[in-house]
Amino acid sequence: MEIIEGIVTVAPRLSNEHNVVAELLQRLLYSVIPQDWGIYQRLGVVLERSAGLYVPDLVVVPRARLREGPERRIAVHDTALVVEITSKSNGNHDRVTKLHGYAKAGAPPYLLLDSRRSGRPTAMLYGEPEHGTYRLLCTAEYGEG
């Protein structure tokens with residue numbers, strides 16, 4: 001369950017393709033993050049300014065930022081990277097609503113993996129949020145560089 005713009009939504013079941021993309025990215029990220037950081041799937045991220053609760057597909061967090069307890073969530077400012085992988089049924093949430101929500105909350109870099117973007121799977125890295133808007137830092141089609 002997520003709270004997006006004050007509306008409780010239920011995330012769709014993940015496809016095998018979606019899970020494979022998450023797993024491949026997770027393998028790549030482990031080679032570049034510090035040893036005391038973790039990569040967590042489906043960890044709740046609280047956006048304080050909008051009272052939202054997003055559940056990104058992956059979130060990179062210094063392990064020390066995770067708190068003990070049953071809450072299974074973290075404040076957005078404690079994250080180092082949030083990653084969303086579009087799904088057929090809710091891609092616009094990731095492309096528009098969550099992009100704006102993360103930027104408005106001042107979230108760190110936001111990586112959007114969009115396998116349905118104009119027929120060409122594309123990765124887009126957003127950062128430097130200012131006034132509720134991210135700057136697009138780079139884009140690449142899957143498999144490039």
Side-chain angles (χ1 to χ4, degrees), residues 1-87 90-117 121-145:
M1 307 267 294
E2 294 180 293
I3 301 172
I4 301 173
E5 295 185 339
I7 300 170
V8 176
T9 63
V10 177
R13 291 175 46 100
L14 302 179
S15 68
N16 287 341
E17 174 192 3
H18 192 281
N19 284 314
V20 168
V21 170
E23 185 266 334
L24 290 171
L25 176 60
Q26 193 162 345
R27 283 181 182 270
L28 290 171
L29 287 172
Y30 274 125
S31 68
V32 297
I33 66 170
Q35 290 291 319
D36 58 342
W37 289 20
I39 302 165
Y40 304 95
Q41 294 187 21
R42 315 289 290 166
L43 177 66
V45 174
V46 177
L47 286 72
E48 295 88 356
R49 294 180 196 161
S50 65
L53 174 66
Y54 291 179
V55 182
D57 294 300
L58 294 174
V59 61
V60 177
V61 178
R63 204 170 293 115
R65 296 285 190 205
L66 293 178
R67 294 173 181 81
E68 295 291 326
E71 294 169 359
R72 296 187 191 125
R73 60 181 75 155
I74 190 165
V76 72
H77 65 268
D78 287 334
T79 65
L81 174 70
V82 290
V83 179
E84 295 286 359
I85 303 165
T86 60
S87 298
N90 72 345
N92 280 336
H93 275 307
D94 298 336
R95 290 182 200 104
V96 179
T97 310
K98 286 186 174 183
L99 175 69
H100 177 70
Y102 284 127
K104 184 177 174 184
Y110 173 55
L111 179 61
L112 177 62
L113 301 177
D114 193 344
S115 62
R116 290 164 174 75
R117 184 173 189 254
T122 305
M124 291 158 282
L125 180 63
Y126 296 91
E128 303 172 8
E130 190 173 305
H131 306 296
T133 304
Y134 275 124
R135 190 171 141 228
L136 179 59
L137 302 176
C138 67
T139 57
E141 288 185 23
Y142 285 17
E144 285 183 0

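Every heavy atom of this structure was used, including side-chain atoms; hydrogens, water molecules and symmetry mates were not.
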Exercise for the section: Could you tell me the separation between the CG atom of Leu113 and the CG atom of Asp57, rounded to the nearest 0.5 Å? Expected result: 8.5 Å
Problem - Distance-only polar pair, side chains of Thr122 and Asp114, donor-acceptor under 3.5 Å - result: no
Exercise for the section: Mind listing the closest non-hydrogen atom pair of Leu47 and Gly101 along with its distance? Expected result: CD2-O, 3.2 Å
Problem - Between CG on residue Leu43 and CG on residue Asp78, distance to nearest 0.5 Å - result: 10.5 Å
Exercise for the section: Kindly compute the distance separating CD (Glu130) from CZ (Arg135), expressed to the nearest 0.5 Å. Expected result: 10.5 Å
Handout entry: Nearest non-hydrogen partners of Ala107 and Pro129, listed with the distance
Key = O-CG, 3.5 Å
Practice task
State which residues pass side chain to side chain contact (heavy atoms under 4.5 Å, CB included) with Ile33; sequence neighbours excluded, sorted by chain then number.
Solution key: Tyr30, Trp37, Ile39, Val60
Handout entry: Min side-chain heavy-atom separation Leu66-Tyr40 under 4.5 Å
Key = yes
Fill in the blank from the handout: Note: Ala80 and Pro108 closest approach over all heavy atoms is O-CB, 3.6 Å
Practice task
Supply the atom-to-atom distance Thr86 OG1 to Met124 CE, rounded to the nearest 0.5 angstrom.
Solution key: 7.5 Å
Handout entry: NZ on Lys104 to OG1 on Thr133, rounded to 0.5 Å
Key = 11.0 Å
Handout entry: Tyr110 side chain reached by Asp94 side chain, heavy atoms, under 4.5 Å
Key = yes
Problem - Gln41 CD to Ile85 CD1 distance, which is reported to the nearest 0.5 Å - result: 8.0 Å
Fill in the blank from the handout: In terms of heavy-atom contacts, Leu99 and Arg95 come closest through CD2-O, 3.3 Å
Fill in the blank from the handout: Taking every heavy atom of Leu111 against every heavy atom of Ala123, the minimum-distance pair comes out as CD1-CB, 4.4 Å
Handout entry: Check: Val21 and Leu25 side chains under 4.5 Å, non-hydrogen atoms
Key = no
Problem - Any donor-acceptor pair under 3.5 Å from His100 side chain to Gly132 backbone - result: yes
Exercise for the section: Assign the ring pair Tyr54 / Tyr102 to parallel, tilted or perpendicular, where the plane angle (0 to 90°) is split at 30° and 60°. Expected result: perpendicular
